[in-house]
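Down below is the structure, laid out as structure tokens.
Per chain, numbering begins at 1; letters A, B, ... match sequence-line order.
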Amino acid sequence: MSFQVYNSFSKKKEPFEPLSEGVVRMYNCGPTVYSRVHIGNWRAFLFADLLRRWLEHEGYEVRQVMNITDVGHLTDEMADEGEDKIEAQARREGVDPWKISETYAGQFLADAVTLGCKEAMVYPRASDHVPQMVEMIEALEKSGHAYRTGENVYFDVTSFENYGALSGNKIDELDAGARIEVNEEKRHPADFALWKSDEHHLQKWDTVFGPHGFPGWHIECSAMARAHLGDQIDIHTGGEDNVFPHHECEIAQSEAFTGEQFARYWMHTKFLQVDGGKMSKSLGNVWNVDDVLERGYEARALRFALLRGHYRQPLNFTWDILAESARALEGLDDLAQRLLRKVDGEDAGEEEVAAAATEFRDSMNDDLNVPKAVAALFTLRGEVLEGAVEGAGAQAALDLLAEADAVLGVLELEPAGGGAEEDAEIDALVAARNAARDAKDWAEADRVRDELNARGIVVEDTADGGSSWFRK
RNA sequence: GGCGGCAUGGCCAAGUGGCUAAGGCGCUGGAUUGCAAAUCCAGGACCCCCGGUUCGAAUCCGGGUGCCGCCUCCA
């Protein structure tokens, strides 16, 4: 089975075929760094990492670009106030807006490492691509897709026939006045800003459009995707909230500029809910990576919790499901440790392992069906515990776990620590405990067991009165 | 008001026309144990509601209810 992806542009699953054989050009909408990236954001970014890893698993060279938006965007109506989210945060913290974006961008990258994300080819900053944006805007103006009003430049949505094809919105049915005042200087209420000007803005550039300008929200992604991946890309990802207007506008400006299809596949992640509803500052449930670590969970538990649900299904985050994820992971860690002790046995269970491997791969190939792929691993665990997998089968199972982990990035497969010397020491302690048990000295037996437990050693008593042990 | 998505056992979550509806976590009973842990066996679903299509629906269609997203920056 080849890789099938649900393309949110065509609204159906399609076989994945890149433009260039063996190479995937992928652009992931990254964070706007005006505050700490939260776990909802991470759902989208971890998905991007998972997708990249699966593509690599399938043998592709992945050119992954994840942007970092470090320039605040003004909504048209806020222009009078001269403030956007980055500037607002800057004022709140009493520092320069550039300091804000630098600080939060740094935290974002650090969190990415904590959560086990593979490093993207590049994390371009919007502020470093102003010339590329200006180039596109000027060309769009020249070709009649954009128009200037004073020192502002707008994209004329009526000039782009397919505007609305991604989101399903129709220009005339967008209720422009529903939540905001219609901007009088736009020809059509749905026209969007490519470039804005405001002398009070803090992050601004002197360009052909005027001395106090800054980019509209959408142009940066078009410019950065083009700068790093070329006029056409294979995959563009983002959260479902980006579909409209962000991605719709990107398509319009990029395709109007190049005359070619912008992205072949669009993939959008559903929102993460918290406690059954949306997360919000007022509810105090906008958690970030540190909140999770401070509660004693490993980062991989969060990674697993956010990846184990299908990306196109809503996922409800609670502390309970995080705890559950951590426990489920322990089951797989345990599986690996058990398998390590079985590789020397008589070969058995190779067919079962092969079936699990096929199930895992087919599930991932089916639009990254992680829940089903993970279930295949747990089914295999049941077979291993029944004693059906030994020797070559156990080795194959370990190989499968390693393969799965290269994609999921959440397992602990290393043989748990300790050298021969420590092993001998533990053997002696276990023997001492058994001697105490034989003497019915339960207090001493339990004391030794507690000591072993404290060192991460699990002792399993067998029916014949003996004991075996392994590292947790 | 317009557009789109979701609703499966206590919790999480696959399955999208047809064997006894995967899997995880938890729970209950039993086996084993000195007690535990681990493991094994056993136990749980009117698939949101109401209609309809069909030989047959969790799966398709219509209506309802609830939740989520977008239409303003937002993963």
Pairing nucleotide - B:rG43, Watson-Crick or G-U, each distance under 3.5 Å: B:rC27
pi-stack flag for A:F271 and B:rA75, centroid dist under 5.5 Å, interplanar under 30°: yes
In whole Å, measure the gap between the P atoms of B:rA36 and B:rC46 for me. 34 Å
With the side chain of A:L385 defined as its heavy atoms from C-beta on, choose the nearest nucleotide among B:rC71, B:rC40, B:rG69. B:rC40
Gap in Å between the two P atoms, one belonging to B:rC40 and one to B:rC25, rounded: 11 Å
Measuring only the P atom in each nucleotide, how far is B:rA31 from B:rG23? A whole number of Å is fine. 25 Å
Measure centre to centre between the rings of A:W42 and A:W287, then say whether the value is under 6.0 Å. no
Any protein N or O atoms within reach of nucleotides 35-38 of chain B? Criterion: under 3.5 Å, listing atom names and distances.
| residue | atom | partner | partner atom | Å |
| --- | --- | --- | --- | --- |
| B:rC35 | O2 | A:R449 | NH2 | 3.2 |
| B:rC35 | N3 | A:R449 | NH1 | 2.9 |
| B:rC35 | N3 | A:R449 | NH2 | 3.1 |
| B:rC35 | N4 | A:R449 | NH1 | 3.0 |
| B:rA36 | N6 | A:D461 | OD2 | 2.6 |
| B:rA36 | N1 | A:R449 | NH1 | 3.2 |
| B:rA36 | N3 | A:R449 | NH1 | 3.0 |
| B:rA38 | O2' | A:R338 | NH2 | 2.6 |
| B:rA38 | O2' | A:E460 | OE2 | 2.5 |

P atoms of B:rU54 and B:rU59, separation to the nearest Å: 16 Å
Spacing between A:N242 atom CG and B:rC73 atom P, to the nearest angstrom: 11 Å
Flag the pair A:E412 and A:R300 as a salt bridge only when some basic side-chain nitrogen lies within less than 4.0 angstrom of an acidic carboxylate oxygen. yes
Across all strands shown, which nucleotide pairs with B:rC70 by Watson-Crick or G-U wobble geometry, both distances under 3.5 Å? B:rG2
Stacked pair A:W442-B:rG34, distance under 5.5 Å, angle under 30°: yes
By nearest atom, which of the nucleotides B:rC41, B:rG34, B:rC71 is closest to the A:E386 side chain? B:rC41
Taking atom types as modelled, is there a side-chain donor on A:E185 or A:N152 under 3.5 Å from an acceptor on the other? yes
For atom P, what is the distance between B:rU16 and B:rA22, given to the nearest Å? 14 Å
If the threshold is 4.0 Å, N to carboxylate O, is there a salt bridge linking A:D446 and A:R449? yes
When the ring centroid of A:H236 is compared with that of A:Y265, is the distance short of 6.0 Å? no
Check the phosphate of B:rG26 against A:R327, side-chain N and O only, distance under 4.0 Å to OP1 or OP2. Yes or no? yes
For the rings on A:H268 and A:H247, is their centre-to-centre separation under 6.0 Å? yes
Using nucleotides 10-14 of chain B, report all nitrogen or oxygen pairs with the protein that are shorter than 3.5 Å.
| residue | atom | partner | partner atom | Å |
| --- | --- | --- | --- | --- |
| B:rC11 | O2 | A:E324 | OE1 | 3.4 |
| B:rA14 | OP1 | A:H310 | N | 3.0 |
| B:rA14 | O3' | A:N369 | ND2 | 3.1 |

Salt bridge check, A:E324 against A:R308: does any charged N sit closer than 4.0 Å to a carboxylate O? yes
For A:K270 and B:rA75, is the shortest distance between a side-chain N/O and OP1 or OP2 below 4.0 Å? no
Can you tell me if NZ on A:K278 sees more than 12 non-hydrogen neighbours from other groups inside 6.0 Å? no
Carboxylate-amine/guanidinium proximity below 4.0 Å for A:D291 and A:R295: no
